[in-house]
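Each chain gets a letter, A, B and so on, in the order the sequences are listed, and its residues count up from 1. The shown structure was predicted, so the numbers you read here are calculated from the model rather than taken from an experiment.
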There are 2 protein chains.
Amino acid sequence: MPLSTVDRSVLEPVIRRLSALRPLSTEARASLEYAMLEGLQRVGSGEDLISEGDPVDSVRVVLSGWLCRYKTLEDGRRQIVNFIFPGESCDAHAFLLPVMDHSIATVTPVIYSEIKRARFESLLAGERSLAEAFWCETLVNIAIQREWAINLGRRVAVERVAHLFCETFERLRAVGMVDGNSCVMPVTQMDLADATGLSIVHLNRTLQELRAAGLIILRERMLTIPDLDALKNAALYSPSYLQLYRRAEATR
Amino acid sequence: MPLSTVDRSVLEPVIRRLSALRPLSTEARASLEYAMLEGLQRVGSGEDLISEGDPVDSVRVVLSGWLCRYKTLEDGRRQIVNFIFPGESCDAHAFLLPVMDHSIATVTPVIYSEIKRARFESLLAGERSLAEAFWCETLVNIAIQREWAINLGRRVAVERVAHLFCETFERLRAVGMVDGNSCVMPVTQMDLADATGLSIVHLNRTLQELRAAGLIILRERMLTIPDLDALKNAALYSPSYLQLYRRAEATR
DNA sequence: CGTAGGGTTGATTCTTGTCAAACTCTGTGG
DNA sequence: CCACAGAGTTTGACAAGAATCAACCCTACG
């Protein structure tokens, strides 16, 4: 176990995120931390953690790195339907359904903690606040998924990409992973194209448009947003669907 | 209470749908039916049941009629992010979040049952199978939402509309509301356009294309699908995300 | 030095949106 | 009974947005 001696601070994003959704008692936090430390795992980038059609029997909680949920069509067209950031979980409760309806892949190297279904269920049974926090996470996921629907269905390319950047920045900020007005953006343009429903060529041109307008600086896998309000404006961004993250800031 | 003497058979779609997700004990079924009969409501078509930003304090279960969830942008662009069919609930558990991130409107006259939060929670606390069934419904909703993301992001117009028809038909079939290869389609072309992310003019032409190909017959608010497999083929439809409905058929 | 992955560019085609008008159907009031 | 209004659907002409194809560049890396 190369990770057995890891610093407990790697768990911070998870605690931070769940606390933003529901206040956690000291005991709840302790028992979750204990469970997480037991199941630490590492995986490289570009790997499928789980594929469409697979049954699920555990919960994975992301400690560092990015993942994406995606679906594909027979002919290879791919849509990233969401990203998964540190502090978030892959499919808490997914084991309630027989099999996965989508796949999850790493986009960077990832450290996560795997908690077996039985362990997870007894954890939640013992701590109501934990159970509610994980369910809230799932509810926020639906809200994000709905926002992606209007993003893909009704925003034009520039708005779409701008919106993705706004959302990503705010979600990362909620778990303390932004630095001033910059954050990492460790994805290829192909990934961005698949997340925004654009072709890679058109995505590239859209990025240039955003750069030319001074709305973003994107190089070497770092995103800087000189004026977040201006970018939100260009994106027609309204963050109510991430309300919980804002509550997190309020209580911090 | 014009509905107080209503036939209990109006509750059938709900029982049918929840049973498909989790086997319900006789007692679970009885207590749910009792709670539903208490809160029956009627509402006309084209009404907002609840709007983005509103707090939620009850669960509504649809007995008859169609609703849609939608979001809008400042400039009026609208995206229907999902339909809600008989047997389904509006936001079980939505009260766990502070406010709604989207709106829900009726697209036809609707009969539903409203269950107050406290009542609903005690119902679920008393019947584990009910709690699991409602949570499964929420999980299936996320799966549907993800499928809508790839629909909007990666399918072209004809595939998109065909996919919507396939999904609608199968979801209605799961609650016993199709007749042979026909079902109601009580929506305007504007609604279909908003659901598929197309302009109304282009949607109209896409419908004509589907009609010309013999894939659908759509008139007087009735949809007939002469050859469902052919339509699925045109839609690149893969129903795994609705797996639970299929399980429903298997156990019927 | 060669290669592969990622990024960028130009030219072109195709898909979809926009605008404007007409048509159908239904219900309503004169 | 007819005129009219309004919502919904359909059509044509045109414009804009996005995809596709084919190169080419750059850099990291073996």
Can you tell whether the side chains of Asp101(A) and Arg69(A) come within less than 4.0 Å, N to carboxylate O? no
If I take atom CG in residue Leu210(B) and atom P in nucleotide dT10(D), what distance separates them, rounded to the nearest angstrom? 13 Å
Describe the nucleic acid contact of Ser199(A) in one word from base, sugar-phosphate, nothing, applying a heavy-atom distance below 4.0 Å. base
Touch check for Val201(A), heavy atoms < 4.0 angstrom, all strands: base, sugar-phosphate only, or nothing? base
Please work out whether the ring planes of Tyr237(A) and Tyr241(A) are parallel, tilted or perpendicular, with thresholds of 30° and 60°. perpendicular
Over all atoms of both residues, closest heavy-atom pair of Pro86(A) and Leu63(A): CB-O, 3.5 Å
For the pair made of CG in Asp191(B) and P in dG8(D), what is the distance, rounded to whole Å? 8 Å
Say whether Asp191(A) and Thr188(A), considering side chains only, have a donor N or O and an acceptor N or O under 3.5 Å apart. yes
Contact class for Arg221(B) (heavy atom, under 4.0 Å): base, sugar-phosphate, or nothing? sugar-phosphate
Would you mind telling me which residue lines up with the more 5' stretch of DNA chain D, Gln189(B) or Thr206(A), judged by nearest nucleotide? Gln189(B)
How far does CG of Leu192(A) sit from CG of Asn204(A), to the nearest 0.5 angstrom? 10.5 Å
Value in whole Å for how far the P atom of dG8(D) lies from CG of Leu218(B): 15 Å
Neighbours of DNA chain C within residues 70-84 of chain B, by heavy-atom distance under 4.0 Å: none
Nearest heavy atoms of Ile142(B) and Gln145(A), plus distance in Å: O-CG, 4.5 Å
Candidates Thr224(A), Leu210(A), Leu223(A) - the one meeting side chain to side chain contact (heavy atoms under 4.5 Å, CB included) with Ile217(A): Thr224(A)
Give the minimum heavy-atom separation between Phe169(B) and Cys183(B), together with the two atoms involved. CD1-SG, 3.8 Å
Just to be sure I understand the rule, does Ile200(A) reach a base, reach only the sugar-phosphate, or reach nothing, if contact means heavy atoms closer than 4.0 Å? nothing
So, does Asn204(B) get its side chain near the phosphate of dT9(D), meaning an N or O under 4.0 Å from OP1 or OP2? no
Any side-chain N or O of Gln208(B) less than 4.0 Å from the OP1 or OP2 oxygen of dT9(D)? no
Using a 4.0 Å heavy-atom cut-off, does Gly197(A) contact any base of the nucleic acid, only the sugar-phosphate backbone, or nothing at all? sugar-phosphate
The test is side chain to side chain contact (heavy atoms under 4.5 Å, CB included); show your working for Met222(B) and Val184(B) and say whether it passes. CA-CA 5 Å; Met222(B) 282 292 291; Val184(B) 295; 3.9 Å; yes
What pairs with Tyr70(A) under ring-ring contact (aromatic ring centres under 6.0 Å, His included), at least two apart in sequence or on another chain? none
Give Arg155(A) one of three labels, base, sugar-phosphate or nothing, depending on what nucleic acid heavy atoms sit under 4.0 Å from its own. nothing
Rounded to whole Å, please give me the gap between CG in Asp194(A) and C1' in dA19(D). 14 Å
Between which nucleotides of DNA chain C, 5' to 3', does chain B make heavy-atom contacts below 4.0 Å? dT16(C) to dC19(C)
Between Thr188(A) and Gly153(A), which residue's closest nucleotide on DNA chain C lies nearer the 5′ terminus? Thr188(A)
If you check the Arg205(B) side chain, which of dA18(D), dG12(D), dT9(D) turns out closest? dG12(D)
Grab the CG-P distance between Leu192(A) and dA18(D) for me, whole Å please. 16 Å
Rounded to whole angstrom units, what separation is found between the NE2 atom of His202(B) and the P atom of dG17(D)? 16 Å
